[in-house]
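The next block holds one structure in the form of structure tokens; read it before the comments.
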Amino acid sequence: MPRSTLTLWLLLSCAVACSREFSSLGVGVRYEPPSGMAFVSEEPGPPIVARFEGGLEVHSVSGLAPKPDAPPEEVLRAARLATPGQRLLNATQGTLPAGPVTRYEFQQGSTHSLVYVIPRDGRFVLVVYSAPEQDYGPGLARVERSLSSLKLTR
């Protein structure tokens, strides 16, 4: 095999092998999580939850999505996420390539959580990131940058 062909083959193999893209029919997403937040497991639910290292999760919740102006407690309850002691820091609406979103930030003690709600027909997707205060800022920036890669497949 010529050296140039071998080099090209090695580069392509590395590009494919080094991809962090996560794809799931159950969760209904394709997503490239931030480096250091590799896929760990998928739980069948309900809701279906994909767990990643570093406190990152993607939830697929069947049913009607809460309205964008719904209280955050309603959104968290619909997703079966614990809410006791959670203090809402902010809530905003916006758009990602995946569609319109509502973004929430919570604090419970020294733990901070970010929740993105992405409504779809018959379901909604939650991207949840939780971390201790000292790790939250750097992780938050990486998670939010990675959301441009989130594609809903159903």
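Side-chain atoms are counted along with the backbone in the values below, which use heavy atoms only and exclude waters and symmetry mates.
Taken from CD in Glu32 to OG in Ser148, the straight-line distance is 9.0 Å, to the nearest 0.5 Å. Here Gln107 contributes atom CD and Leu89 contributes atom CG; the two are 5.5 Å apart, rounded to the nearest 0.5 Å.
The shortest distance between side-chain heavy atoms of Phe106 and Thr111 does not fall below 4.5 Å. With contacts defined as side-chain heavy-atom distances shorter than 4.5 Å, the pair Thr92/Thr102 does not qualify. Between Arg51 and Glu43 the shortest side-chain heavy-atom distance falls below 4.5 Å.
When all heavy atoms are compared, the tightest approach of Ser113 to Ser130 is OG-OG, 2.7 Å. In this structure, Ser60 and Pro47 approach most closely via the heavy-atom pair O-CB, 3.3 Å.
Listed by chain and number, the residues in a salt bridge (Lys or Arg N to Asp or Glu O under 4.0 Å) with Arg154 amount to none (sequence neighbours excluded). For Ser149, there are no side-chain hydrogen bond (donor to acceptor under 3.5 Å, both in side chains) partners two or more places apart in sequence or in a different chain. Under the rule for a side chain to side chain contact (heavy atoms under 4.5 Å, CB included), Leu64 has no partner lying at least two apart in sequence or in another chain. For Glu42, the side-chain hydrogen bond (donor to acceptor under 3.5 Å, both in side chains) partners are Ser24, not counting sequence neighbours. With sequence neighbours excluded, no residue forms a side chain to side chain contact (heavy atoms under 4.5 Å, CB included) with Pro138.
Pairs passing the salt bridge (Lys or Arg N to Asp or Glu O under 4.0 Å) check and including a residue from residues 124-150, sequence neighbours excluded, read Arg103-Glu144. For the salt bridge (Lys or Arg N to Asp or Glu O under 4.0 Å) condition, no pair includes a residue of residues 113-127, sequence neighbours left out.
Taking a 4.5 Å side-chain heavy-atom cut-off between Ile, Leu, Val, Met, Phe, Trp and Tyr, the cluster of Phe52 extends to Phe22, Val27, Val29, Tyr31, Met37, Phe39, Ile48, Leu56, Val58, Leu96, Val101, Leu114, Tyr116, Ile118, Val125, Val127, Tyr129, Tyr136, Leu140, Val143, Leu147, Leu150, Leu152. Clustering of Ile, Leu, Val, Met, Phe, Trp and Tyr side chains at separations under 4.5 Å leaves Val40 isolated, with no partner residue.
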